[in-house]
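Note: hydrogens, waters and symmetry copies are ignored here, and every other heavy atom, side chains too, is used.
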Protein chains: 2
Amino acid sequence: MPTSEHAEAPASSRKRGESRSRLITAAAQLFQEQGYAATGLSEILDRAKMPKGSLYHHFPGGKVELGAAAMECAGQVLQQTLSARLESRGSSAEAIRAFSQDLAGWLEGSDFTKGCPVATVALEQANGEPDLVAAIRSAFEGVIQALSDQLTAEGRTPERAHRLATFCLSALEGALVLARTQRSSEPVRMAGEELAVLISDSARA
Amino acid sequence: MPTSEHAEAPASSRKRGESRSRLITAAAQLFQEQGYAATGLSEILDRAKMPKGSLYHHFPGGKVELGAAAMECAGQVLQQTLSARLESRGSSAEAIRAFSQDLAGWLEGSDFTKGCPVATVALEQANGEPDLVAAIRSAFEGVIQALSDQLTAEGRTPERAHRLATFCLSALEGALVLARTQRSSEPVRMAGEELAVLISDSARA
DNA sequence: TCCAAAATAGACCGACCGGTCTATATAGAC
DNA sequence: GTCTATATAGACCGGTCGGTCTATTTTGGA
């Protein structure tokens, strides 16, 4: 155990942060696999190996607050994965191709239990808890923005870039829906290919 | 057993069919709006104005059986709407454009409570009840097949047609997810436009 | 008309839901 | 060491869940 933890973050927040993030991770996984309503607090607590008291200590707002945190976290993972691809590959077309392979890998690696961590809750809560909707909206927005920025940097107009980025996310999200029901990552790989071609073509235009 | 059974549509099935379909319709609407797990039987019964006894009379398998019937019904609606567009418009590109406008209209007309009647349940039950998964899979398959047939008739190879049809459905499904969270039908209209262009281009190739 | 099947009606059940509450343990500040 | 957050721990609550069960009403064929 390190002797000094002071620096900028108070030492007392170390364990606090760890417990919080364990809860968020467990919740995000379960919501991703089976949705928000179908996931009971007891299930989350089991996976996080925590008592109920801790949950309501870290998230006084209960399930909704935890859900919002989980959506925010999931959105960041999505966005960071995409951003990493945008940096490592030069073009957005290649980044989308790689990103779709990431998604396909997630599907296969989880036996098709894990698609988009946000979409399941997005659909069932679209007209539900405002806090959840807000977190979900900003998660999607972040992904679109990241892609849109790159598309703009490649010479497209901001309007066209935003359209294209939204379309890419649409296609990948939908492909994840089909992929999970078909238990095949083919729709996602297909979508990645089609989008890469589309983006390349639109660059030439 | 009596030897009756005559004809194929006995009068006794009129009211029976009506009750069944009222339940299916109510269930399909609620599942579409808020998902399978979040919808209680009492809520379905309220909307259908039926007692619980009737539900278990028509659907001895309970919620799962009703859910499967609702998904099947919803899939047919989706497929018939698309098929109608495929017939009325000559080309698949125009049909997709019109179909996406249908979807956008559904969204706006319901204040964004109604997106794809199948997708919500598809995500939350992807690794859940097998009967539901089967109904959902065949619903999607029917839509893809209808579109794929038209694309093939227009001269594409069956493989290419199937790829393209899957991609179209992916893009529209994903667009519906974004549209509901953004409370705007723009993503759907955009997707329709992009797909129409894509299909037209692929015809020239 | 009469009757069995079909359909409606809803009370009732155990299980589990999200949430509250009190009690205990742990750790950093002084 | 002592004191006070902070965090862990889990019993407990009212409500609702899906599902079962027993009546009663309706209905169409004989």
Side-chain angles (χ1 to χ4, degrees), chain A residues 1-7 9-24 26-27 30-31 34-46 48-70 124-125 128-129 131-132, chain B residues 1-24 26-27 30-31 34-70 124-125 128-129 131-132:
Chain A
M1 182 174 291
T3 55
S4 58
E5 202 76 33
H6 18 77
S12 69
S13 73
R14 202 201 65 95
K15 199 157 198 169
R16 166 184 204 146
E18 188 180 309
S19 296
R20 261 186 71 95
S21 71
R22 271 232 311 282
L23 281 167
I24 291 176
L30 287 162
F31 292 160
Q34 55 191 12
Y36 179 81
T39 301
L41 292 189
S42 62
E43 214 174 343
I44 298 172
L45 265 8
D46 276 356
K49 271 175 269 187
M50 293 220 158
K52 192 170 270 192
S54 295
L55 196 162
Y56 279 89
H57 173 72
H58 294 290
F59 300 94
K63 197 185 187 185
V64 170
E65 188 180 345
L66 175 57
E124 63 179 333
Q125 287 290 321
E129 291 290 345
D131 289 358
L132 283 180
Chain B
M1 285 304 118
T3 58
S4 45
E5 222 70 51
H6 38 74
E8 71 289 343
S12 69
S13 74
R14 201 203 64 99
K15 198 156 196 171
R16 165 185 203 144
E18 189 180 309
S19 295
R20 259 187 71 95
S21 71
R22 272 232 311 285
L23 282 168
I24 291 175
L30 287 163
F31 292 160
Q34 55 192 12
Y36 179 81
T39 302
L41 292 188
S42 62
E43 212 174 345
I44 298 172
L45 265 8
D46 276 356
R47 186 172 295 202
K49 271 175 268 187
M50 293 219 158
K52 192 170 272 193
S54 295
L55 195 162
Y56 280 88
H57 173 72
H58 294 290
F59 301 94
K63 196 184 186 184
V64 170
E65 187 180 347
L66 175 57
E124 62 178 333
Q125 288 290 321
E129 292 289 345
D131 289 359
L132 282 179

I need the [atom1]-[atom2] distance between [X] and [N], as an integer number of Å.
X      : N      : atom1 : atom2 : value
B:M50  : D:dT25 : CE    : C1'   : 14 Å
A:L30  : C:dC17 : CG    : P     : 12 Å
B:E65  : D:dG19 : CD    : C1'   : 14 Å
B:L55  : C:dA6  : CG    : C1'   : 16 Å
A:F59  : C:dG18 : CZ    : P     : 15 Å
B:K49  : C:dA9  : NZ    : C1'   : 16 Å
A:L23  : D:dA9  : CG    : C1'   : 14 Å
B:L132 : D:dG18 : CG    : P     : 13 Å

Looking at every non-hydrogen atom in both residues, tell me the closest pair between [X] and [Y] and how far apart they are.
X     : Y     : value
B:S54 : B:M50 : CB-SD, 4.1 Å
B:G67 : B:Y36 : CA-CE1, 4.3 Å
A:I44 : A:T39 : CG1-CG2, 3.7 Å

Checklist entry - Measuring from A:E43:CD to A:Q34:CD, what's the distance to the nearest 0.5 Å? => result 4.5 Å
Next on the checklist: So, taking the atom named NZ in B:K63 and the one named OH in B:Y56, what distance separates them when rounded to the nearest 0.5 Å?
Outcome noted: 9.0 Å
Item to check | Side chain of A:K63 - closest among C:dG18, D:dT8, C:dT8 | outcome: C:dG18
Checklist outcome for this item: With sequence neighbours left out, the residues meeting side-chain contact (heavy atoms from CB on, under 4.5 Å) with B:F59 are B:R20, B:L23, B:I24, B:L55, B:E65, B:L66, B:A69
Next on the checklist: Which residues in residues 39-47 of chain B have a heavy atom closer than 4.0 Å to any atom of DNA chain D?
Outcome noted: B:T39, B:G40, B:L41, B:S42
Next on the checklist: Tell me if a side-chain donor or acceptor on A:K52 pairs with a main-chain N or O of A:L41 at a distance below 3.5 Å.
Outcome noted: no
Next on the checklist: Under a 3.5 Å distance rule, please check whether A:K49 uses its side chain to pair with a backbone N or O of A:R22 as donor and acceptor.
Outcome noted: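 The answer is no, because no donor-acceptor pair under 3.5 Å joins these two groups.
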Checklist outcome for this item: Applying the 3.5 Å cut-off to both distances, the Watson-Crick or G-U partner of D:dA5 turns out to be none
Checklist entry - What is the pairing partner of C:dA7, taking Watson-Crick or G-U wobble pairs with both distances under 3.5 Å in any strand? => result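 Partner of C:dA7: D:dT24.
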Checklist entry - Is there a side-chain polar atom (N or O) of B:H58 under 4.0 Å from OP1 or OP2 of C:dA6? => result no
Item to check | B:H57 side chain near C:dA6 phosphate (N/O to OP1/OP2, under 4.0 Å) | outcome: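 So the side-chain polar atoms of B:H57 never come under 4.0 Å of the phosphate oxygens OP1 or OP2 of C:dA6.
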Item to check | Residue closer to the 5' end of DNA chain C, A:P60 versus A:A38 (nearest nucleotide) | outcome: A:A38
Could you go through nucleotides 10-13 of chain C and list every protein N or O atom that sits under 3.5 Å from one of its N or O atoms, giving the distance for each pair?
| residue | atom | partner | partner atom | Å |
| --- | --- | --- | --- | --- |
| C:dG10 | N7 | B:G53 | N | 3.4 |
| C:dG10 | O6 | B:G53 | N | 3.3 |

